[in-house]
Amino acid sequence: MRASVRDISILKALKPLELVAYLRSTKWEKECEKSGVSSTWILNTEKEGEYEIALPMSHSLRDFPQRMADALAVLEVVEQRSQLDILHDLTISSADVIRVGLTDSDLADGSVPIEDGAQFFLKAKDMMLAAACAATETKAYYPSRKPSQATDYLRKVRLGQTEHGSFVLTIISRVDPALQGSNGQIFETDEPFERKVTHTLASSLALVLSAADKAASTAEIESFEDAVKGGVSANLCDAIVGMVDTSDCTRGMSVNFSWSRTRPIDKDSTVPNHITFSPDVIPFIKEASRYFKNHSPREGFELQGPVVKLQRDNSELSGKVTVFGIVDEQPRKITFVADKEDYDQAAKAHTNGEIVRCLGELEREGRTYRLENIRNFSVDDDDSE
Amino acid sequence: MDENQQKEQFSNAYIRAIAATAGYSVYKPEVDDDSVDWGVTARGGNGTYKSPKVEMQLKCTSKDILKNGVLSFPLKIKNYDDLRPDNYQVPRILVVVLVPGNVSDWLLQTPTSLALHRCGYWVSLNGKDQVSNTSTVTITIPESQMFSVMELSKMMDRIRQGGQP
């Protein structure tokens, strides 16, 4: 379909520098410039001759919309595709775009049940947040409080129009353009955070997929554990599962990445552009999430209960204290290392049958629990009343 | 077709004839604009438009407005205000085509020639002052500013060099 863009408000909204970036990235060369008014771009083709675009550089030009329409008309001929498609690419030329598509015969007409659709949007947000958390610091699970850099990032991520082809969600993550030094080399060495997030997302999704494949053949969780340092977390797994989860398990998902034209990715980059999850890998991802949550340290865990075991080799040093506490509403034995002072108090509490309390990070090791980074140790003397 | 539509069509043919002979194409603006009837442009690859370009408001009248070497044309204030700003990327002009009072006199054809009567004139209103008139502004065009093949070619050359029409 060939459709021309004549809507003045749409044409007015185009940003000259984004067009410049687009032209640069599609081999156009600047011929001349009338400062603050226009810049003239040339594309030489062997077959069709020379194309020209005189790009308006200021929104204050009264014929700005007309001139943008002219530019689109030329691009339409050069690229042999609809102005609407070109317009779409122009508005996102300085963003990484992530297209998440659901695949299911049920969605062939491009619509989705409303409940599933709502869930899809919500989980897509969770997926972006999980990637942003992993770009800050990799962890198997981000319980409630997320790094502020990640939540700040999420505020800048935008949703584009959904696209046809089953049901496709577009997520737009703007990224600053890369600048070249005078030697033609990219100026910076460190990627901006926005790009780190999208890269982390792409590589961690690929890791989830390969870990699920491995887990399917070995029936072991190890592949998922190894993937944590690559950005895989319970949150990411939950987001994936949440997007495709239906009662009949027939839905799959594909994720496509297109990288900002103004910050092209390294030619040698191994970051994948396309990841597809078939319905059969989903149960493994679900299970990995459950495992991560169970085995991840829980920050700020409040332990309370009677002391049931004390173990110390030397009375001048720290020792191990085991408390009978409650984890997930189940009675569990939790062990922690107490310094001399805390240990002595715990021993006294044990003798007197008193309850002890403390805060720390709860970690699970096989069937036992450990509390790390002990603080606020106290003995509850309520029972002595 | 009423006579006003005839004038419009006739002046369109006049512009097309001049532009074609000068080696330029004419186009209708892609985006609606009350004060642009035609654009004149060079052609680039695959028939796309390229600079130089000029856009025009085209008027046609059978009134006797040419006196003492000057045309006096009453232009609607809206058109005047659309043509006078100096911040257009593509410059704009006003073209007024004069035709005889009698339609049968507009065109003369013999086996050797086709003559369109009478003539078109152009003027740039770029940078003109705002006026307090509420309906029309009388625009004066010197008779020397004929919208001819040679004048159009020179105008396009000036625009190509970054100048005004």
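Labels below follow one simple rule: chain letters A, B, ... track the order of the sequence lines, proteins then strands, and each chain is numbered from 1.
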For this session: Output the option from A:K34, A:M68, A:R67 having the highest count of non-hydrogen pairs under 4.5 Å with chain B.
Result: A:R67
Seminar exercise, completed: Most contact-rich option vs chain A, by heavy-atom pairs under 4.5 angstrom, among B:G47, B:S51, B:G44, is B:S51
For this session: Identify which part of B:Y49 has an atom lying under 4.5 Å from any heavy atom of chain A, answering side chain, backbone, both or neither.
Result: backbone
For this session: Check whether more than 12 heavy atoms from other residues, nucleotides or ligands sit under 6.0 Å from atom CD of A:E29, and answer yes or no.
Result: no
Exercise. Is there a donor-acceptor contact under 3.5 Å linking the side chains of B:N46 and A:Y51?
Worked result: yes
For this session: Could you tell me the separation between the OG1 atom of A:T40 and the NZ atom of B:K50, rounded to the nearest 0.5 Å?
Result: 10.0 Å
Problem set entry | Nearest-0.5 Å distance, CG of residue A:D63 to CG of residue B:N87 | 8.0 Å
For this session: Can you establish whether the number of heavy atoms outside B:Q5 located under 6.0 Å from its atom CD is more than 12?
Result: yes
Exercise. Is B:R160 atom CZ crowded by more than 12 heavy atoms from other residues, nucleotides or ligands, each under 6.0 Å away?
Worked result: yes
Exercise. More than 12 heavy atoms of other residues, nucleotides or ligands under 6.0 Å from CG of B:L114: is that the case?
Worked result: yes
Exercise. For A:D70, is it the side chain, the backbone, both, or neither that has a heavy atom closer than 4.5 Å to a heavy atom of chain B?
Worked result: side chain
Seminar exercise, completed: From the list A:C32, A:A69, A:S38, the residue making the most non-hydrogen contacts under 4.5 Å with chain B is A:S38
Exercise. Is atom NZ of A:K125 surrounded by more than 12 heavy atoms (other residues, nucleotides or ligands) closer than 6.0 Å?
Worked result: no
For this session: Check each atom of A:R62 against the heavy atoms of chain B and say whether the ones under 4.5 Å are side chain, backbone, both or neither.
Result: both
Exercise. Quick check: are there more than 12 heavy atoms from other residues, nucleotides or ligands sitting under 6.0 Å from CG of A:D109?
Worked result: yes
For this session: With rounding to the nearest 0.5 Å, note down the distance linking CD in B:Q89 to CG in A:L55.
Result: 7.5 Å
Exercise. Do A:Q66 and B:V90 have side chains that get closer than 4.5 Å, going by heavy atoms?
Worked result: no
Seminar exercise, completed: Under 4.5 Å to a heavy atom of chain B? For A:L61 that would be both
For this session: Rounded to the nearest 0.5 Å, what's the gap from CD on B:E30 to CZ on A:R6? Could you check?
Result: 5.0 Å
Exercise. Any donor-acceptor pair under 3.5 Å linking the side chain of A:E52 with the backbone of B:R43?
Worked result: no
Exercise. With only heavy atoms counted, which part of A:L72 is less than 4.5 Å from chain B, the side chain, the backbone, both or neither?
Worked result: neither
Exercise. Under 6.0 Å from the NZ atom of A:K27, do we count more than 12 heavy atoms belonging to anything else shown?
Worked result: no
